[in-house]
Amino acid sequence: MKKYFFCLAALIAATPVSSYAANVQHGRQLFESICAPCHGSNAQGNVGPNIVDQSVKKIEWALNNVGMMKPVRSSNPQLSNVQNIEDISAFLHTLKK
Ligand code: HEC
């Protein structure tokens, strides 16, 4: 019986839903520490524009091409990991326009 519950718990822990929630949570942490000062705490815009709902592609584009954002990647090496960009994008998709 104990074994059965262990398997069930492992199955629940491995479902995509809970890992998606973890990605969003991680994306929120990255966003708040790196992007929020320029894009606002809810991505509604500040010195930078509203970036609610932005895709991974657009974030990559901005990191490479927006003048004010070029130093952002060099001072935050974790942004070179595409998984982290995906997490930030997943968080931005949870915000309402
Ligand atoms: C130093 C300030 C600053 C920081 C930090 C910053 N940005 Fe930006 N970002 C800007 C500015 C300014 C623009 C707009 C430039 C323009 O329109 O010419 C911009 C544009 C963008 C765009 C393009 C939006 C559009 O509609 O064209 C995206 C996407 C973006 N930023 C994402 C991010 C993410 C994600 C982070 C955190 C990893 C971040 N930015 C951190 C200043 C910043």
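Every number for a ligand or one of its atoms is a count from 1 in the order of the listing.
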Smallest separation among heavy atoms of [X] and [Y], with atom names:
X   : Y   : value
S75 : P71 : OG-O, 2.8 Å
N81 : Q83 : OD1-N, 2.9 Å
C38 : N46 : O-CB, 3.2 Å

Open item on the list: Applying ring pair (Phe, Tyr, Trp, His ring centres under 6.0 Å) as the test, list every pair that has at least one member in residues 30-54; sequence neighbours left out.
Closed with: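 Found F31-F91.
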Task: Residues in side-chain hydrogen bond (donor to acceptor under 3.5 Å, both in side chains) contact with H26, at least two apart in sequence or another chain - done: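 If we apply the side-chain hydrogen bond (donor to acceptor under 3.5 Å, both in side chains) test to H26, skipping adjacent residues, the hits are D87.
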Which donor-acceptor pairs under 3.5 Å do the side chains of residues 57-65 make with protein atoms, sequence neighbours left out?
from : atom 1 : to  : atom 2 : distance (Å)
E60  : OE1    : R73 : NH2    : 2.7
N64  : OD1    : R73 : NH1    : 3.1
N64  : ND2    : E60 : O      : 3.2
N65  : ND2    : W61 : O      : 2.9

TODO: Mind jotting down which protein residues get a heavy-atom contact under 4.0 Å with ligand 1? Chain and number order, please.
DONE: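 For ligand 1, the contacting residues are I34, C35, C38, H39, V47, G48, P49, I51, Q54, K58, I59, A62, V66, M68, M69, V72, L79, I88.
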